[in-house]
Visitor: 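One structure follows; several queries about it will come next.
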Amino acid sequence: MDKLLRVRFAPSPTGYLHVGGLRTALYNYLFARKNNGKFILRIEDTDRNRYVEGAVENLINSLKWAGLDYDEGPDIGGVYGPYMQSQRLNIYKQYAKELINIGNAYYCFCSQERLQKLREEQEKQKLPQVKYDKHCLNLTTEEIEKKIKDKLPFVIRLNVKPNQKIIFNDIIRGQVEFDSNNIDDQILIKSDDYPTYHLANVVDDHLMKISHVIRGEEWLSSTPKHVILYDAFGWERPKFAHLPLLLNPDKSKLSKRQGDVAVEDYRDKGYLKEALINFVALLGWNAGDDREFYYLNELIEAFSLERVNKSGAVFDIVKLNSLNAEHLRRKSNGELLQMLKTELIKSEFADLSFSDERLLLIIEAMKERVSFVHEFISNCKYFYKEPEEYELKSIEKNWKPETPDHLRKFINLIAQINNPSKQDYENALTKVAEELNLGKGKLIHPLRLAVSGQSTGPGMFDLLYILGKEEVIKRIEKAIESINVK
RNA sequence: GGCGCGUUCGUCUAGUGGCUUAGGACGCCGCCCUCUCAAGGCGGAGAUCACGGGUUCGAAUCCCGUACGCGCUACCA
């Protein structure tokens, strides 16, 4: 009899979805889908100082863009809602009071100043750890009632019992052990009545029947606090899985300073969601074989928490790029066409119109030469407008005094053909080459330069065919004129 | 400082005591293909498995220690 497996992604709305968050969400999602469980989105907005307008919408959009659909969440509801912690304040208060009644929490009226001083003193004494001195634990009921009546600000603290071993099992790290003497009497309810992460998280995970807590490694050190809470309430502890961190190239925790960190940044730069998902999935997990190319549904099939690594992984943009190129190459031309069209609207060629037929030819010609959809434009502008300048190096190397004559011969031949095919272009060029007793390459290079302004690109005859006879002739003539002038 | 977690090619990783002269991928280099650039194919360089001790006939794999890195140490999450 399996209990229903339920996991959650619980970000705090700080503005955008971090790629590390994306991976956490992904692993939760994969684990749920693989095991017929439920995947829940819960917003942990308990810090009023960090509230950012529109952050929740943004988070949801990024998740949706990535294709990680959830079964319950703030925008779609669910039986365990609400899914915004700021809407559950009374629940936390109620549970905090219960904790006080059973002796596992207490009111604390200490001022920020006293706490500050306490900390400084402990540091000066070089005490091994800095923590609250349980000063307010000694307050009598009468004293507490009076202070509350006098409207003194207070917090509610967890009462950590000394000399206890707190042991829990982590799916990824195995058994982890803490000494309760090293654990501070964590604040559970702040003086503004909002709960801290620790209380809200545990209460909600229990109430929402979360079976597995899959989250970043930064939470490992606070897990004993959570375990104390579960035990104090008499609740069954969920299974824990702490994921390795995503790192900057210098191995520090992935941060904004050293590159893009928001999912939307990658989306805006033209990364395919398939590639980002694929890449991020492999940062800390693999199936145990050599496979590296996956679509989301294949990831679901292959995923298991047991195969998640323990150590942090550097986010290597170069590998992401290559994965992006590969995902791009495997897309159908039809899909690519739609993407190219929306890209075109954003480009300098927005005012021009191109037939699907022509765009499809460009896609076919460039597909194996690009890593991003926008490169169907930026890497080959010559498909959209005639070249304005010609690569200098190629001129020096390929443009000889006799080149104009050679190219004119070519023009003369193709001018006579109606709607020349690729083969027609090739035949014409072969003929000119034979007449001149030259290798084809000797003609192709200057031809490419004349027609595209560049020295690299798709196959010569594909290029000519896509441009069309009139355009080809026009461009050759222009090239002859402008290059000779120099 | 304390506590916790980690440590295999530059990077992501395979490897769970003998199959390993440590495999793959990205990147890099070379060759092939070829009108160029890609893509593709083939090959190469690149890891004394952080270090030092054990255990064992045998260790990247198990144990201990050290070093280093990272995380946490808030009325932030």
Side-chain angles (χ1 to χ4, degrees), chain A residues 10-14 44-50 108 110 112 115 119 122-123 126-131 153-157 170 172-174 176-179 181-184 186-198 200-201 215-224 242 244-245 247 249-253 279 282-293 309-323 325-326 329 365-371 379-380 394 398 426 429 439-445 447-449 452 454-461 463:
Chain A
S12 60
T14 52
E44 310 228 326
D45 55 344
T46 56
D47 184 356
R48 292 201 278 179
N49 301 323
R50 287 220 281 177
C108 172
C110 289
Q112 297 276 18
L115 294 176
R119 221 169 284 146
Q122 289 179 345
E123 266 164 32
K126 297 228 191 288
L127 252 48
Q129 69 270 322
V130 176
K131 48 182 236 191
F154 65 84
V155 300
I156 297 176
R157 284 183 184 275
D170 187 280
I172 294 166
R173 281 149 223 287
V176 184
E177 186 177 320
F178 289 82
D179 186 331
N181 294 333
N182 290 319
I183 300 168
D184 201 1
Q186 187 61 234
I187 289 175
L188 266 17
I189 300 277
K190 300 179 252 184
S191 57
D192 66 358
D193 261 10
Y194 274 64
T196 57
Y197 174 90
H198 308 285
N201 190 265
R215 80 230 296 194
E217 194 191 343
E218 67 267 31
W219 293 109
L220 190 61
S221 305
S222 14
T223 303
H242 288 93
L245 260 21
L247 274 23
D250 70 359
K251 307 254 184 194
S252 57
K253 191 172 160 183
F279 175 63
L282 259 19
L283 250 31
W285 170 87
N286 77 88
D289 50 28
D290 288 339
R291 182 167 179 192
E292 298 205 337
F293 187 91
N309 291 147
K310 294 174 169 63
S311 52
V314 173
F315 191 94
D316 178 16
I317 196 89
V318 177
K319 187 145 186 174
L320 206 209
N321 290 345
S322 84
L323 218 36
E326 194 172 349
R329 261 181 263 126
M366 293 300 293
K367 202 170 178 177
E368 290 184 338
R369 283 164 246 264
V370 299
S371 298
N379 281 9
C380 49
S394 182
N398 300 312
E426 181 156 10
L429 190 114
K440 278 200 272 186
K442 288 269 181 284
L443 291 175
I444 284 174
H445 293 300
L447 215 205
R448 177 184 298 284
L449 180 67
S452 74
Q454 296 185 192
S455 60
T456 63
M460 190 69 249
F461 307 108
L463 177 51

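Heavy atoms only: backbone and side chains are in, while hydrogens, waters and symmetry mates are out. Residue numbers begin at 1 in each chain, while the letters A, B, ... track the order of the sequences.
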Visitor: Scan A:Ser311 against the nucleic acid and name what it touches under 4.0 Å (heavy atoms): base, sugar-phosphate only, or nothing.
Guide: sugar-phosphate
Visitor: When you compare B:U7 with B:C62, how far apart are their P atoms, in angstrom units rounded to a whole number?
Guide: 10 Å
Visitor: Using a heavy-atom cut-off of under 4.0 Å over every strand shown, decide if A:Thr46 touches base, sugar-phosphate, or nothing.
Guide: sugar-phosphate
Visitor: Residues two or more places apart in sequence or in another chain: which of them pass ring pair (Phe, Tyr, Trp, His ring centres under 6.0 Å) with A:Phe178?
Guide: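 Ring pair (Phe, Tyr, Trp, His ring centres under 6.0 Å) check on A:Phe178 returns nothing, list empty.
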Visitor: Which base, if any, makes a Watson-Crick or G-U wobble pair with B:A22, both distances under 3.5 Å?
Guide: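 None - no nucleotide pairs with B:A22, as no candidate has both distances under 3.5 Å.
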Visitor: For B:U61 and B:A14, measure between their C1' atoms and round to the nearest Å.
Guide: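 Straight-line distance between the two C1' atoms is 13 Å.
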Visitor: For nucleotides B:G58 and B:U13, find the distance between their C1' atoms and express it as a whole number of Å.
Guide: 26 Å
Visitor: With sequence neighbours excluded, tell me which residues meet ring pair (Phe, Tyr, Trp, His ring centres under 6.0 Å) with A:Phe315.
Guide: A:Tyr266, A:Phe279
Visitor: Does A:Arg291 reach a base, just sugar-phosphate, or nothing at all? Heavy atoms under 4.0 Å.
Guide: nothing
Visitor: So what does A:Pro458 hit on the nucleic acid, given a heavy-atom distance under 4.0 Å: a base, only sugar-phosphate, or nothing?
Guide: base
Visitor: If each of A:His445 and A:Phe154 is mapped to the nucleotide of RNA chain B with the nearest heavy atom, which maps nearer the 5' terminus, i.e. the 5' end?
Guide: A:His445
Visitor: If you measure from the P atom in B:C51 to the same atom in B:C33, how many Å do you get, rounded?
Guide: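 It comes out at 44 Å once rounded to the nearest Å.
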Visitor: Within the 4.0 Å heavy-atom criterion, would you say A:Cys380 contacts the bases, only the backbone, or no part of the nucleic acid?
Guide: nothing
Visitor: Which part of the nucleic acid, if any, lies within reach of A:Ser12 when heavy atoms closer than 4.0 Å are counted: base, sugar-phosphate only, or nothing?
Guide: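 Here A:Ser12 touches the backbone only, sparing every base.
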Visitor: Could you tell me how far B:G6 sits from B:A60 if I compare only their C1' atoms? Round to whole Å.
Guide: 16 Å
Visitor: With sequence neighbours left out, what residues match A:Glu123 under side chain to side chain contact (heavy atoms under 4.5 Å, CB included)?
Guide: A:Arg119, A:Val130
Visitor: Determine the interatomic distance between P on B:U11 and the same-named atom on B:G69; round to the nearest Å.
Guide: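 To the nearest whole Å, 15 Å.
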Visitor: Take A:Thr14 and A:Glu217, find for each the nucleotide of RNA chain B with the closest heavy atom, and name the residue whose nucleotide sits nearer the 5' end.
Guide: A:Glu217
Visitor: Across the strands shown, which category fits A:Lys310 at heavy-atom distances under 4.0 angstrom: base, sugar-phosphate, nothing?
Guide: sugar-phosphate
Visitor: Who pairs with A:Asn398 by side chain to side chain donor-acceptor pair (under 3.5 Å), at least two apart in sequence or on another chain?
Guide: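 A:Asn398 satisfies side chain to side chain donor-acceptor pair (under 3.5 Å) with A:Ser394 once adjacent residues are dropped.
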Visitor: With a 3.5 angstrom cut-off on both distances, give the Watson-Crick or G-U wobble partner of B:G4, or none if there isn't one.
Guide: B:C70
Visitor: Could you state the interatomic distance from CD1 (A:Ile156) to CD1 (A:Ile187), rounded to the nearest 0.5 Å?
Guide: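 If we round to the nearest 0.5 Å, A:Ile156:CD1 and A:Ile187:CD1 are 10.5 Å apart.
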Visitor: List for me each residue that meets ring pair (Phe, Tyr, Trp, His ring centres under 6.0 Å) alongside A:His445, sequence neighbours excluded, and say none if there are none.
Guide: none
Visitor: Would you measure the distance from the C1' atom in B:G24 across to the matching atom in B:C9 and give it in whole Å?
Guide: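 One C1' to the other, the span is 12 Å.
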Visitor: Under 4.0 Å, counting only non-hydrogen atoms across every strand here, what does A:Val176 touch: a base, just sugar-phosphate, or nothing?
Guide: sugar-phosphate
Visitor: Do you see a donor-acceptor pair shorter than 3.5 Å between the side chains of A:Asp250 and A:Ser252?
Guide: yes
Visitor: Base, sugar-phosphate, or nothing: which does A:Lys251 touch, judged by heavy atoms less than 4.0 Å apart?
Guide: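 Touches sugar-phosphate only.
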Visitor: Students often get this wrong, so: under 4.0 angstrom with heavy atoms, is A:Glu292 touching a base, only sugar-phosphate, or nothing?
Guide: base
Visitor: In whole angstrom, give me the gap between the P atoms of B:U20 and B:G30.
Guide: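 After rounding to an integer number of Å, I get 31 Å for this pair.
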Visitor: Contact boundaries of RNA chain B with chain A (under 4.0 Å, heavy atoms), 5' to 3'?
Guide: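 From 5' to 3', the first and last contacting nucleotides are B:G1 to B:A77.
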Visitor: Counting only Watson-Crick pairs (N1-N3 plus N6-O4 or O6-N4) and G-U wobbles (N1-O2, O6-N3), all under 3.5 Å, who is the partner of B:A47?
Guide: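 Because no pair has both required distances under 3.5 Å, B:A47 counts as unpaired.
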Visitor: When both hydrogen-bonding distances must be under 3.5 Å and the geometry is Watson-Crick or G-U wobble, what is B:C31 paired with, if anything?
Guide: B:G41
Visitor: Under 4.0 angstrom, heavy atoms only, what part of the nucleic acid is A:Arg173 near: base, sugar-phosphate, or nothing?
Guide: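 Sugar-phosphate: the residue A:Arg173, judged by heavy atoms under 4.0 Å, touches backbone atoms but no base.
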Visitor: Rounded to the nearest 0.5 Å, how far does CG of A:Leu429 lie from CZ of A:Phe461?
Guide: 4.5 Å
Visitor: By the 4.0 Å heavy-atom rule, please label A:Val318 as base, sugar-phosphate, or nothing.
Guide: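 The answer is sugar-phosphate, as A:Val318 gets under 4.0 Å only of primed atoms, P, OP1 or OP2.
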Visitor: Tell me which one of A:Glu217, A:Lys310, A:Arg215 satisfies side chain to side chain donor-acceptor pair (under 3.5 Å) with A:His242.
Guide: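 The side chain to side chain donor-acceptor pair (under 3.5 Å) with A:His242 is passed solely by A:Arg215 among A:Glu217, A:Lys310, A:Arg215.
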Visitor: Under 4.0 angstrom, heavy atoms only, what part of the nucleic acid is A:Ser191 near: base, sugar-phosphate, or nothing?
Guide: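 The residue A:Ser191 makes base contact.
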Visitor: Assign A:Lys367 to base, sugar-phosphate, or nothing according to its heavy-atom contacts below 4.0 angstrom with the strands shown.
Guide: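 The answer is nothing, as A:Lys367 stays clear of every strand by at least 4.0 Å.
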Visitor: Does B:A59 pair with anything, Watson-Crick or G-U wobble, both distances under 3.5 Å, and if so, with which nucleotide?
Guide: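 Its partner is none (no Watson-Crick or G-U wobble pair with both distances under 3.5 Å).
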